Enquirer: 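Handing you this structure, nothing more for now.
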Protein chains: 2
Amino acid sequence: MNWDDLRFFVALARAGSLSEAARRLAADHTTVARRVGELEQALGLKLFDRMPRGWVPTAEGAALAERAADVEAAIHAVARFADGRSETIDGRVSISAPPALASLWLAPRLAPLTRAHPGLTLDLIGDVADASLVRREADVALRLRQPSDSGLIGRRIGDLRYGLYGARGLVEATAGEDLDFLGYDERLDGVPQQLWLRARARDRRIALVTNDLVTLLTAVRAGMGLAALPHVLAAADDGLVCLEEAEAATRPIWLVVHPDLRRSARVRAVMDHLIEVTAPLRRPVVGA
Amino acid sequence: MNWDDLRFFVALARAGSLSEAARRLAADHTTVARRVGELEQALGLKLFDRMPRGWVPTAEGAALAERAADVEAAIHAVARFADGRSETIDGRVSISAPPALASLWLAPRLAPLTRAHPGLTLDLIGDVADASLVRREADVALRLRQPSDSGLIGRRIGDLRYGLYGARGLVEATAGEDLDFLGYDERLDGVPQQLWLRARARDRRIALVTNDLVTLLTAVRAGMGLAALPHVLAAADDGLVCLEEAEAATRPIWLVVHPDLRRSARVRAVMDHLIEVTAPLRRPVVGA
DNA sequence: CGCGATATGTGGAAATTCGCGCAGATGATG
DNA sequence: CATCATCTGCGCGAATTTCCACATATCGCG
C-alpha cells in the first residue's frame, strides 16, 4: 500500500470530482483516478461510484474518509514540527483574521515585513469562520475570541474598541435627530458590538443588517445610518465622525498559534510584526 | 510533500541502516536513501547523519520519528478497516500465541483451516512478548491474560490446566522419591504455574530454569525432573505421566482481536476455527 | 594484520508513472 | 433546441523513478 495514495483519496473525497481534486492537488485528473484506483485495489474495496458528474463515495469510501482524515491530521503534525524547526525566515506563512480587519487594516500594514524578509511569502486569509490551526489551514490567526482549542497557544495582544460612527455630512446635517442604525444579521447576534447596538438602538429602526463589516462600513460612509465600528477602521476615515464611545462593545484581540510553530523563525517573525502593529491597540484609549 | 516518503522514513528510523530498511521494505537501498533524502528536502530538516555503518537519526529525526509513528498508526487503522470489510476468505491472517502453544499445539491443528480455504495463508507467530494488535503485528492473538488494551476485544475461550508431569521411566523407577523440579526463570516469576510450582516444591531443588516451555517439556521428557506442564501438551505424550493436578496453576485463554477486524470474513474464519479447536479446553476437567 | 561480511555511494539501463490531447457524455442555460 | 461548460475515460509519448552492478569504506574476528 502506497501511503501517498491516501493523499489523493482525501482530496477526492473532499473535492467530489476528479477534476476539482486534480486542480487542488496540482496534478492531472487521470493521475487522481489512477492513484485512487490503486488504493481501491490495494485495500480490496470499492471506495467511489464513478458517476458522469463526479465520483461519489460509497458507504465504505465515506467511512474510510474519516480514518484517512486521522492520517492527514498526523501528517499535518509532522509538517508543523518540521516548520517549527526551520531556522530561516523564508517560505510561506498564512495569517487568518476577520475579513474586514484583514483587508482594511492588516493588509496595508504588512509591507515592512515582506520588505525585511525577501524570501517570505504571506498568505492573508480573511475568513468569517475561524481557520483551523490544527488542520493547518493557517499558521497564525488573529481572533476576537479566546481560542477554545486547548492545544493552541493564544496571547491577548490588545483590544478592539468601538464607537458609534456616522457619515460626516449626515451627522452635521441632521444634528441630534434620530438616525437609522445599521448592524449585523442573525448569524452574528450575540457579539458584543451587536449587543451594544441593540441596547443603544432601543426602538430605533435597524435599517440594514449584514454579516460583513466592510459592507457595514461602506453603508455608513454612504450616509445610510449609524453603526458601531472599530476605531482602528473608522477613526482614520475623514468622511466619518464618532458620535460616542461604545465601551461595552470592546472585543479582545487574540494572537493564536499552534505550539509546534511558535519557535519557527518564520512564524516568529510574523508574530513579532503583528504584535508590533497592534501596539496602538494596547493603549488604554484608542481612536481618533 | 510525498506521504509515502514517511513510510520509508519510519522503516529507516526503525531499521537503523539503509540496507536493513530496504530489505524490510522490499526495495533497493538506493531507493530508501533517495526517498528519505527527498523528505529531508521537503521538510527542510536533516533527519539522519550518514555514517559508514548506517544512518543514525539526528535529534530532529528522532523527534520526527515519534510523530511519524502516529501517521503509521493511523495508516494501520485504515488498513484494518479495509481488511475488516473484505468479504472473501483469502489473503493472510497472522495469529500470535505463546511459542510452545503455537508450535506444539496450535500448528498441528491448523491444517483443516487452510484445506477448507485454498486462498488463505496463515502466519503463526510464537512470541513471548504479546504481539501488539493495535500496531498490526498480528491479526488475532491467543493470550494467557486478559488483554489490557481497552481498544481490543477479548473473549475467554477456555482454560489452560496444568499438571505435575514427569518422564514415565523416571517416575516408575523412583516411585515416591523426592525428584528435582524444573521451572521458569526470573522473567516469568509471578505466572500462576510458577507460583504453584514454588509452593509445591518447598525446599526441593529447582534443577533447571528456562523461559521456554518447549525447553521445559524436553527436559522433563529426558528425565531431568518434574515440571508443571499444560495437559494439552503433556497428556498426549506417552513418555510422560501426570503425578497430580495443579488446579491453582490454571490460566485463562483469551482470544483477542481488534474490533475493526472482527467482521472480516477472513479473520472470522480463523477465529471460528480457533474456537473450535479449543473446545476441549472448555470442559470442566481436561487431560488424558 | 588480513579476510570476510556488511555498510554506503555512484552511474547507467529498465520499468514505471505521469501528463497531455482528444473523444464521449451530461447538465445547465438562453 | 442548440450551445457551452464540465466531467470522465482512453491511448500514447515523455519524464521520472527504480533497480542493478560495481566501487569503496568500516567493523569484527581469528
Side-chain angles (χ1 to χ4, degrees), chain A residues 1-62 64-65 68 71-72 75 78, chain B residues 1-62 64-65 68 71-72 75 78-79 82:
Chain A
M1 173 176 167
N2 183 342
W3 292 12
D4 206 42
D5 288 347
L6 275 179
R7 189 162 59 90
F8 289 79
F9 169 75
V10 296
L12 178 56
R14 211 163 277 159
S17 77
L18 283 186
S19 309
E20 179 58 27
R23 268 190 293 276
R24 299 189 192 174
L25 290 166
D28 197 85
H29 72 272
T30 57
T31 302
V32 179
R34 272 190 291 251
R35 301 288 289 267
V36 173
E38 274 176 29
L39 181 67
E40 285 185 326
Q41 197 159 7
L43 299 181
L45 292 177
K46 189 180 181 194
L47 300 173
F48 292 92
D49 287 319
R50 277 73 167 165
M51 299 299 190
R53 298 291 293 177
W55 289 26
V56 302
T58 62
E60 284 158 349
L64 193 77
V71 177
E72 190 189 26
I75 292 276
V78 165
Chain B
M1 173 177 167
N2 184 341
W3 291 13
D4 206 42
D5 287 348
L6 274 179
R7 189 162 59 90
F8 289 79
F9 169 75
V10 296
L12 178 56
R14 211 163 277 158
S17 78
L18 284 186
S19 309
E20 179 59 25
R23 269 191 292 276
R24 298 188 194 175
L25 291 166
D28 197 85
H29 68 95
T30 58
T31 302
V32 180
R34 197 163 22 71
R35 299 287 290 267
V36 173
E38 274 175 29
L39 181 67
E40 284 185 328
Q41 197 159 6
L43 299 181
L45 293 177
K46 190 181 180 194
L47 301 173
F48 292 92
D49 287 319
R50 278 75 166 162
M51 300 299 190
R53 297 292 292 177
W55 287 27
V56 301
T58 62
E60 285 157 349
L64 193 77
V71 177
E72 190 190 26
I75 291 277
V78 165

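Heavy atoms only: backbone and side chains are in, while hydrogens, waters and symmetry mates are out. All values derive from a computational prediction rather than experimental measurement. Proteins come first, then strands; the chains are lettered A, B, ... in the order of their sequence lines, and each starts at number 1.
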Enquirer: Phe8(B): which residues meet the ring-ring contact (aromatic ring centres under 6.0 Å, His included) condition with it, sequence neighbours left out?
Expert: none
Enquirer: With a cut-off of 6.0 Å (strictly less than), are more than 12 heavy atoms of other residues, nucleotides or ligands near CD of Gln41(B)?
Expert: no
Enquirer: What integer distance in Å separates Asp4(A):CG from dT17(D):C1'?
Expert: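 From Asp4(A) CG to dT17(D) C1': 14 Å.
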Enquirer: Phe48(A) CZ to dC7(D) P: how many Å, rounded?
Expert: 15 Å
Enquirer: When you check every protein heavy atom under 4.0 Å of nucleotides 16-23 of chain C, what one-letter string (B, S, -) results, 5' to 3'?
Expert: --BBB---
Enquirer: Output all residues satisfying salt bridge (charged side-chain N to carboxylate O under 4.0 Å, His left out) with Arg34(A), sequence neighbours left out; order by chain, then residue number.
Expert: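 Per chain and number, Arg34(A) pairs via salt bridge (charged side-chain N to carboxylate O under 4.0 Å, His left out) with no residue.
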Enquirer: Pick from Asp49(A), Val32(A), Val36(A), Leu47(A): which one makes a side chain to side chain contact (heavy atoms under 4.5 Å, CB included) with Trp55(A)?
Expert: Val36(A)
Enquirer: Using five pairs at either end of the helix from dC1(C)-dG30(D) to dG30(C)-dC1(D), determine the angle between the two local helix axes and round it to 10 degrees.
Expert: 30°
Enquirer: Check the distance between dT6(C)'s C1' and Trp55(B)'s CH2 and give it to me in whole angstrom.
Expert: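 Atom CH2 in Trp55(B) sits about 17 Å away from atom C1' in dT6(C).
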Enquirer: Within a strict 4.5 Å, meaning less than it, do heavy atoms of the Val71(A) and Trp3(B) side chains meet?
Expert: yes
Enquirer: Where along residues 15-25 of chain B does a heavy atom fall under 4.0 Å from DNA chain C?
Expert: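 Only Ser17(B), Leu18(B), Ser19(B), Arg23(B) qualify.
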Enquirer: Could you work out, with salt bridge (charged side-chain N to carboxylate O under 4.0 Å, His left out) as the rule, every residue matching Arg35(B), not counting sequence neighbours?
Expert: Asp4(B), Asp5(B)
